[in-house]
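As structure tokens, the structure follows; a few thoughts come after it.
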Amino acid sequence: MRKAERAKVIYDRLAKRYPSPEPALDWTNPWELLVATALSAQCTDERVNKVTPVFFERWPEIKDAAAADVTEIEAVVRSTGFFRNKAKNIKAAANRILDVYNGEVPKSMAELITLGGVARKTASIVLSNAFGINEGIAVDTHVKRLAFRLGLTTKTDPNQVEKDLMPLYPKDQWGEINHFLVFFGREVCPARKPKCDICELNDICPKKGVK
DNA sequence: CTCCCGATAT
DNA sequence: ATATCAGGAG
């Protein structure tokens, strides 16, 4: 089967499996989603969702995070790992948004990735989920692994995986395909023990059973 | 390429 | 003990 054809089958079957995908990260506004996504690096969303309520109770708005003591932020986000980088980046991002973007989370890829700790993956999540803007496909560990196993890419660098995926899907599906692959990756095709025996993509998967 | 880094599963 | 988790920067 051709790659483009396989890509469409993957989308159709996962759309049937996930009729209305709920975002895994608990967010209500762009800034909260930005912080939650920044905290999600190399950390389960379950853990992120335990930290964010504490964070936003202590620092409800962007200006609060901008003025916060970094060591206090570190203490709150500690359990998500990489806590020094994350705390510093969040505070710096808050200040830049206040100083450069009039206190509003910017709505473009080019502007978002000027914030420290924000690259294409985090920017794509914020753009598609908070603003409904599809400028990129968020390639996280799940998307990367599934795209490779399903034969949609041979690359390992996330930015190159994204370049392989983008022509395979219309823009209005870019947010969904990320959600589909993340949830399906967690439930059926995790890094360690993929459940190929119950996988509804088994018949079109070039790497069934392969690490 | 290396480093950042805690929590959990295996 | 090791691998992995909704990554990003130097």
(message) Rounded at 0.5 Å granularity, tell me how far CG in A/D157 sits from CD in A/E162.
(response) 10.0 Å
(message) If the threshold is 4.0 Å, N to carboxylate O, is there a salt bridge linking A/K16 and A/E200?
(response)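 A salt bridge is absent here (no side-chain N lies under 4.0 Å from a carboxylate O).
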In whole angstrom, give the distance that lies between atom [atom1] of [X] and atom [atom2] of [N].
X      : N      : atom1 : atom2 : answer
A/L146 : C/dC5  : CG    : C1'   : 14 Å
A/I137 : C/dA6  : CD1   : C1'   : 15 Å
A/I90  : C/dG8  : CD1   : C1'   : 13 Å
A/K121 : C/dC5  : NZ    : P     : 12 Å
A/D157 : B/dT2  : CG    : C1'   : 15 Å
A/L112 : C/dG8  : CG    : P     : 11 Å
A/K88  : C/dG10 : NZ    : C1'   : 11 Å
A/N85  : B/dC3  : CG    : C1'   : 9 Å

Does the side chain of [X] reach to within under 4.5 Å of the side chain of [Y], using non-hydrogen atoms?
X      : Y      : value
A/I177 : A/Y11  : yes
A/K121 : A/T37  : yes
A/L165 : A/V143 : yes

Which atoms of nucleotides 6-9 of chain B (N or O only) lie under 3.5 Å from a protein N or O atom, and what are those distances?
from	atom 1	to	atom 2	distance (Å)
B/dA7	O3'	A/R47	NH2	2.9
B/dT8	OP1	A/R47	NH2	2.7

(message) Looking at A/T122, I'd like to know whether one of its side-chain N or O atoms comes within less than 4.0 Å of OP1 or OP2 on C/dG7.
(response) no
(request) Considering just the side-chain nitrogens and oxygens of A/R145, establish if one lies under 4.0 Å of OP1 or OP2 belonging to C/dC5. (result)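 Result: yes.
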(request) Fit a plane to each ring of A/F184 and A/Y18, take the angle between them on a 0 to 90° scale, and name the class: parallel (under 30°), tilted (30 to 60°) or perpendicular (over 60°). (result)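 Geometry flag for A/Y18 against A/F184: perpendicular rings.
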[atom1] atoms of [N] and [M], separation to the nearest Å:
N      : M     : atom1 : answer
C/dC5  : B/dC4 : C1'   : 15 Å
C/dA9  : B/dA7 : P     : 24 Å
C/dG10 : B/dG6 : C1'   : 22 Å
C/dA3  : B/dC5 : C1'   : 15 Å

(request) Tell me what A/N178 touches on the nucleic acid: a base, only sugar-phosphate, or nothing, going by heavy atoms under 4.0 Å. (result) base
(request) Assign A/V143 to base, sugar-phosphate, or nothing according to its heavy-atom contacts below 4.0 angstrom with the strands shown. (result)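 Contact class for A/V143: none.
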(message) With nearest nucleotide decided by heavy atoms, which residue, A/D140 or A/L115, maps closer to the 5′ end of DNA chain C?
(response)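 The residue mapped nearer the 5' terminus is A/D140.
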(request) Locate the shortest heavy-atom distance separating A/R149 from A/P194; write the atom from each residue and the value. (result)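 Between these two residues, the closest heavy atoms are NH1-CB, 3.9 Å.
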